[in-house]
Amino acid sequence: MKTGSLHVCLVALFCLTAWAHHALEDVLRAPALPASPHRIVSLAPSVTETLYALGMGDAIVGITRFCTYPPQVRDKPQVAGFGEVNYEAVLRLRPDLVVLPQDMKQNKKDLENLGLRVLPLDTGSLPGLVRAMEELGNATGHADEAHAAIAAINDSLAAAQIRAGERPKPKVLFSVMRSYQRLGYISEINSVGKDGFYSELIPAAGGSNVYTGELPFPRLSREAIILLNPEIIIDSIPSSANPDAVRRDWQSLSSVAAVKNNRLYFFIDEVDTVPGPRCYQTLTKLSHALYP
């Protein structure tokens, strides 16, 4: 009799524990992604461009101050900057979905604690971007638009591979996000390292990154540039910069192979700084620079 009672108690305890576990899962689980979100807040330029590419631009009600493409997005309310989010402004927009890059983990947690549906996208790598577009398109009824955007990227990858063929891979230095001090010479630059996205474009275009260290965006001195001796230099400069003046700066490194052989290319378009669905344009330009 005692054994039977003990058995009943153990079964009851097991059932109660299982119920509590599932109840806790229900509490902690993020709200489900709405099939057709009507009010979306985007917290990165790459996310905004991805949403527009998937035909969801009209649903965007809030952006960051760095979201500038397509042009019509500039009229939308700005609720965030670079990493910082105005949560009160987000709540006032009553979004049914907030989309952000997956590395904004604390922002994701804060937004979910406010009861909002949050969708993180992997825009930090080329495969991640393709996967994010496919998953988002399928989940929101925009699969056709997603497939078209992915096809443009795949076509550029295939074209770059054909263009490079079996030729030797040139050593490429890709300069990004550096300050322009107008010194008349290069003092230091920020280079693409193992960042994931841009470092993947270089081999996709048929080149090899001259920087082989572990940093995502290493700061290189002029001495380091001379030591690395890249065969091709890509400098992503703002549209406000003077290309002739920037070229004169680089000519101060006349011993570097890329400068000596006039293999210095400027990427001025804003698209070249956004890891989004228009990256195929950057890849195409990079391919033509490596193999003119």
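One side chain, R263 or Y265, offers a donor N or O that lies under 3.5 Å from an acceptor on the other.
Side-chain N or O atoms of K285 include none that pairs as donor or acceptor with a backbone N or O of F267 at under 3.5 Å. Using a distance-only test at 3.5 Å, with no hydrogens or angles considered, no donor-acceptor pair links the side chain of S287 to the main chain of L283. In this structure, the side chain of N209 does not engage the main chain of S199 through any donor-acceptor pair within 3.5 Å. In this structure, Y211 contributes its side chain and F174 its backbone to no donor-acceptor pair below 3.5 Å. Within the 3.5 Å criterion, the main-chain N or O of L264 finds no donor-acceptor partner in the side chain of D235. In this structure, Y198 contributes its side chain and D272 its backbone to a donor-acceptor pair below 3.5 Å. Put simply, the side chain of R39 never gets that close to the backbone of D96: no donor and acceptor are under 3.5 Å apart. Under the 3.5 Å distance criterion, the side-chain polar atoms of R222 are left unmatched by any main-chain donor or acceptor of L253.
Heavy-atom neighbours of D269 CG from other residues, nucleotides or ligands within 6.0 Å: above the threshold of 12. Applying the 6.0 Å contact sphere to CD of E84 captures more than 12 heavy atoms from other residues, nucleotides or ligands. No more than 12 heavy atoms of other residues, nucleotides or ligands lie within 6.0 Å of CZ in R94, so this atom counts as exposed by the packing criterion. Applying the 6.0 Å contact sphere to CD of Q161 captures no more than 12 heavy atoms from other residues, nucleotides or ligands.
A cation-pi arrangement is present between R278 and Y69, with the terminal nitrogen or guanidinium carbon under 6.0 Å from the aromatic centre and inside a 45° cone about the axis.
One hydrophobic cluster holds both L129 and L51 under the rule that ILVMFWY side chains link at heavy-atom gaps under 4.5 Å. By the criterion of side-chain heavy atoms lying less than 4.5 angstrom apart, applied directly or through intervening Ile, Leu, Val, Met, Phe, Trp or Tyr residues, L121 is grouped together with V73 in one hydrophobic cluster. Cluster annotation: F66 and V271 are assigned to distinct hydrophobic clusters (Ile/Leu/Val/Met/Phe/Trp/Tyr, side-chain heavy-atom contacts under 4.5 Å, transitive). Cluster annotation: F217 is connected to I202 through the hydrophobic network of ILVMFWY side chains, with a link wherever side-chain heavy atoms come within less than 4.5 Å. At a threshold of 4.5 Å between side-chain heavy atoms, the hydrophobic network of Ile, Leu, Val, Met, Phe, Trp and Tyr places L100 and V274 in two separate groups.
Counting all heavy atoms, side chain and backbone alike, P120 lies closest to Q102 at CB-CA, 3.8 Å. Residues S236 and V176 approach most closely at CB-CG1, 4.2 Å, considering heavy atoms. Nearest heavy-atom pair, P230 versus A257, reported as atom, atom and distance to 0.1 Å: O-CB, 3.6 Å.
One finds a salt bridge joining E214 and K194 here, because a Lys/Arg side-chain nitrogen approaches an Asp/Glu carboxylate oxygen to under 4.0 Å.
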message: Walk me through whether K169 and E231 qualify under salt bridge (Lys or Arg N to Asp or Glu O under 4.0 Å).
response: CA-CA 10 Å; K169 297 180 178 181; E231 298 171 273; over 6 Å; no

- request: Under the side-chain hydrogen bond (donor to acceptor under 3.5 Å, both in side chains) rule, what do N138 and E134 come out as? Steps first, then yes or no, please.
  value: CA-CA 6 Å; N138 290 337; E134 184 174 27; 4.6 Å; no

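Interatomic distance, S175 OG to N190 CG, rounded to the nearest 0.5 Å: 7.0 Å.
Within the structure, side chain to side chain donor-acceptor pair (under 3.5 Å) contacts touching residues 145-155 (residues at least two apart or in different chains) do not occur.
Between L116 and V41 the shortest side-chain heavy-atom distance does not fall below 4.5 Å. For the pair V210/I225, no side-chain contact is recorded, criterion being any heavy-atom separation below 4.5 Å from C-beta on.
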